[in-house]
Number of protein chains: 2
Amino acid sequence: MSSMVARVSTGAFALELLRSHSLTNLARQEIEQKIMSGELPPGAKLNENTLAAQLGVSRGPVREALRALEQTGLVRVEKNRGVFVRQIPIEEADEIYELRAALEQMVGSKLARTITRGQLKELHALIGQMDQAVARGDLDAYHSLNLRFHGALVEFAGNRKLAETYRRLVNELNLFRKNTLAQDHLPTSVREHRNIADAIESGKVEIAGALLYEHVMASRERMRIAHAALGKASGPARPAGERSAGR
Amino acid sequence: MSSMVARVSTGAFALELLRSHSLTNLARQEIEQKIMSGELPPGAKLNENTLAAQLGVSRGPVREALRALEQTGLVRVEKNRGVFVRQIPIEEADEIYELRAALEQMVGSKLARTITRGQLKELHALIGQMDQAVARGDLDAYHSLNLRFHGALVEFAGNRKLAETYRRLVNELNLFRKNTLAQDHLPTSVREHRNIADAIESGKVEIAGALLYEHVMASRERMRIAHAALGKASGPARPAGERSAGR
DNA sequence: CATCTGTAGATTGTCAACAATATACAGAAA
DNA sequence: TTTCTGTATATTGTTGACAATCTACAGATG
């Protein structure tokens with residue numbers, strides 16, 4: 001009996017996989033992963049033949065995937081020239097931060113009204129782990145936890161459209177981060193997270209929203225500073241396969 | 001001499017056209033237009049062969065365009081079944097309105113600080129036209145002016161990412177509106193627009209943001225009421241080519 | 001030497017054919 | 001009649017080939 005349940009369950013699972021896993025979707029996920037992991041850095045050219053060969057498919061699905069990724073802001077398509085991983089200019093990163101701040105303000109206000117004990121527990125757990133990561137000086141772990149913290153907030157807000165929009169923006173910011181290697185100032189960031197969680201917990205609608213807004217905008221400020229510092233040091237080295245942006 | 005300038009100028013124009021106008025882009029624009037105009041109503045099935053024939057191209061570019069449109073939220077792709085114009089359920093429209101309210105709040109606050117006299121003039125001109133449309137009882141004209149008013153606000157805010165996000169959300173809301181045929185209560189809406197413009201003009205940052213937030217949320221309320229009323233009357237008639245949404 | 005021109009190779013854009021899947025419908029069985 | 005089953009048809013998924021365009025580079029020209 002239990003084996004039958006298992007069989008049915010895996011069968012349904014496999015069916016679900018087949019339902020959405022066209023080669024186009026496979027290619028999209030795979031290419032997105034390559035970009036997010038940094039294997040394909042900003043400015044890199046995406047060769048259709050190479051990608052198709054790597055995935056073991058023809059160019060059709062790859063091209064469809066690339067057109068989809070263009071809409072998500074991860075790549076840029078130049079007719080007859082090719083597809084490139086987008087390089088987010090500082091001005092655009094600025095805009096994205098500002099937009100993201102507005103979204104998180106909404107999230108803070110909403111959560112101050114609706115958050116549950118279980119959700120609060122998750123937030124505090126993440127903050128605790130961040131403390132440890134800071135103590136260890138583990139930047140990567142902190143960055144990952146930071147993403148999870150904000151991601152959890154957005155998720156808890158219970159608005160899927162908001163979550164999807166937020167995800168898209170964060171993806172683009174991630175691209176920018178790879179460009180500049182900018183890093184936050186951690187201890188400050190952790191303290192702000194605690195204040196945010198506290199404001200949400202005590203139901204302070206306006207404060208929670210304002211704190212999240214300010215947190216994101218402060219993060220933008222730190223990004224700007226790090227960017228300016230690195231910009232002077234390394235100069236505008238441009239990856240191969242990239243043409244002048246002047247157009 | 002002037003004819004040469006003209007020739008060069010039109011030449012550059014034609015070149016610019018050719019640069020972006022791959023058949024894929026052409027197909028995307030054309031299909032999007034068909035959806036927005038209502039020629040392809042929500043729930044309608046998009047046949048690849050038919051579209052390709054109408055546009056005089058092969059299925060390849062059409063498929064790429066459809067994959068792009070999927071990411072913008074205008075269509076839904078079901079593997080091996082086809083592509084359908086999305087039907088936005090009321091719950092999703094709710095979410096979009098809430099998100100849009102947050103964005104417009106940001107717009108209001110920003111504009112209260114940055115708006116120029118010329119921009120204010122444009123806004124007042126639009127409001128004046130709305131008055132006339134209401135006096136004539138011209139619903140279509142009013143709706144169009146309403147879109148332009150909010151579009152102008154968003155544009156004036158000077159954040160391209162915000163503008164792009166906003167455009168996407170409004171497109172989806174437009175899809176929902178076609179579903180329900182819901183209409184705003186005009187006189188109330190006009191008064192709110194005037195209050196918003198005044199708050200922006202007098203530089204009241206918080207008030208302008210709050211008014212725009214409330215305006216959008218009130219608009220959502222009116223939408224809900226109209227939707228509920230129509231829902232009872234007409235029943236859930238489902239367009240042809242559509243399968244049960246239960247999955 | 002610098003710049004231009006033309007050609008060879010690589011890459012993208014587009015198409016048409018084939019394979020895999022879903023849909024519609026006729027006929028059988030209860 | 002209703003329901004099931006099998007088959008014909010239509011539609012989507014995928015591929016490989018060809019055309020159009022761009023890039024790199026060698027040789028010509030000043």
Side-chain angles (χ1 to χ4, degrees), chain A residues 11-12 14-31 40 43-70 75-85 238-247, chain B residues 11-12 14-31 40 43-70 75-85 238-247:
Chain A
L15 220 57
E16 187 51 41
L17 275 188
L18 281 181
R19 165 128 45 231
S20 63
H21 277 47
S22 59
L23 292 187
T24 298
N25 282 348
L26 173 90
R28 194 172 71 77
Q29 285 181 289
E30 213 62 32
I31 296 170
L40 289 171
K45 178 155 191 277
L46 301 178
N47 185 300
E48 296 179 358
N49 279 315
T50 305
L51 286 172
Q54 284 175 2
L55 299 173
V57 301
S58 72
R59 281 173 55 221
V62 170
R63 283 178 62 88
E64 290 178 18
L66 291 175
R67 296 307 140 122
L69 285 175
E70 181 186 16
V75 304
R76 169 175 49 89
V77 176
E78 279 187 43
K79 182 167 148 49
N80 284 329
R81 292 234 326 129
V83 179
F84 303 84
V85 179
R238 187 181 299 130
E242 182 69 354
R243 184 156 78 176
S244 161
R247 186 169 356 125
Chain B
L15 220 56
E16 186 51 42
L17 275 189
L18 281 181
R19 165 131 42 231
S20 64
H21 277 46
S22 59
L23 291 189
T24 297
N25 281 348
L26 173 89
R28 194 173 70 79
Q29 285 181 290
E30 212 61 33
I31 297 170
L40 289 170
K45 176 155 193 269
L46 303 176
N47 184 301
E48 294 178 1
N49 279 314
T50 305
L51 285 173
Q54 285 175 2
L55 299 172
V57 302
S58 72
R59 282 174 54 218
V62 170
R63 283 178 62 89
E64 290 178 18
L66 291 176
R67 263 32 188 222
L69 286 176
E70 181 186 16
V75 304
R76 169 175 47 90
V77 176
E78 277 187 45
K79 181 165 138 76
N80 285 327
R81 291 235 327 130
V83 179
F84 304 84
V85 180
R238 187 182 299 132
E242 181 69 356
R243 185 157 75 175
S244 162
R247 190 167 349 127

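All chains are named by letter (A, B, ...) in the order of the sequence lines, taking the proteins before the strands, and each is independently numbered beginning at 1.
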Give the rounded distance in Å between these two atoms: [atom1] of [X] and [atom2] of [N].
{"X": "Asn25(B)", "N": "dT14(C)", "atom1": "CG", "atom2": "C1'", "answer": "14 Å"}
{"X": "Arg81(A)", "N": "dA20(D)", "atom1": "CZ", "atom2": "P", "answer": "21 Å"}
{"X": "Arg59(A)", "N": "dT12(C)", "atom1": "CZ", "atom2": "C1'", "answer": "6 Å"}
{"X": "Leu51(A)", "N": "dT14(D)", "atom1": "CG", "atom2": "P", "answer": "16 Å"}
{"X": "Glu78(B)", "N": "dT23(C)", "atom1": "CD", "atom2": "P", "answer": "9 Å"}
{"X": "Glu64(A)", "N": "dG13(C)", "atom1": "CD", "atom2": "P", "answer": "14 Å"}
{"X": "Leu26(A)", "N": "dT15(D)", "atom1": "CG", "atom2": "C1'", "answer": "16 Å"}
{"X": "Asn49(A)", "N": "dG16(D)", "atom1": "CG", "atom2": "P", "answer": "11 Å"}

Between [X] and [N], is there a side-chain N or O to OP1/OP2 distance below 4.0 Å?
{"X": "Asn47(A)", "N": "dA10(C)", "answer": "no"}
{"X": "Arg67(B)", "N": "dG13(D)", "answer": "yes"}
{"X": "Arg63(A)", "N": "dG13(C)", "answer": "yes"}
{"X": "Lys45(A)", "N": "dT12(C)", "answer": "yes"}

What's the closest nucleotide to the side chain of [X] if the choices are [options]?
{"X": "Lys79(B)", "options": "dT14(C), dC15(C), dG13(D)", "value": "dG13(D)"}
{"X": "Asn80(B)", "options": "dT14(C), dG16(D), dT21(C)", "value": "dT21(C)"}
{"X": "Val57(A)", "options": "dT15(D), dT14(C), dT14(D)", "value": "dT15(D)"}

Under 4.0 Å, counting only non-hydrogen atoms across every strand here, what does Gly60(B) touch: a base, just sugar-phosphate, or nothing? nothing

Under 4.0 Å between any heavy atoms, over every strand shown, what does Leu46(B) touch: base, sugar-phosphate, or nothing? Just pick one. sugar-phosphate

Exercise: identify the closest heavy-atom pair between [X] and [Y]:
{"X": "Arg67(B)", "Y": "Ala68(A)", "result": "O-CB, 4.1 Å"}
{"X": "Val85(A)", "Y": "Leu40(A)", "result": "CG2-O, 3.8 Å"}
{"X": "Pro61(A)", "Y": "Ala27(A)", "result": "O-CB, 4.3 Å"}

So, taking the atom named NZ in Lys79(B) and the one named NE2 in His21(A), what distance separates them when rounded to the nearest 0.5 Å? 10.5 Å

Report the C-alpha distance between Leu66(B) and Glu48(B) in whole Å, list the side-chain angles of each, state the deciding distance to 0.1 Å, and finish with yes or no for side-chain contact (heavy atoms from CB on, under 4.5 Å). CA-CA 9 Å; Leu66(B) 291 176; Glu48(B) 294 178 1; 4.2 Å; yes

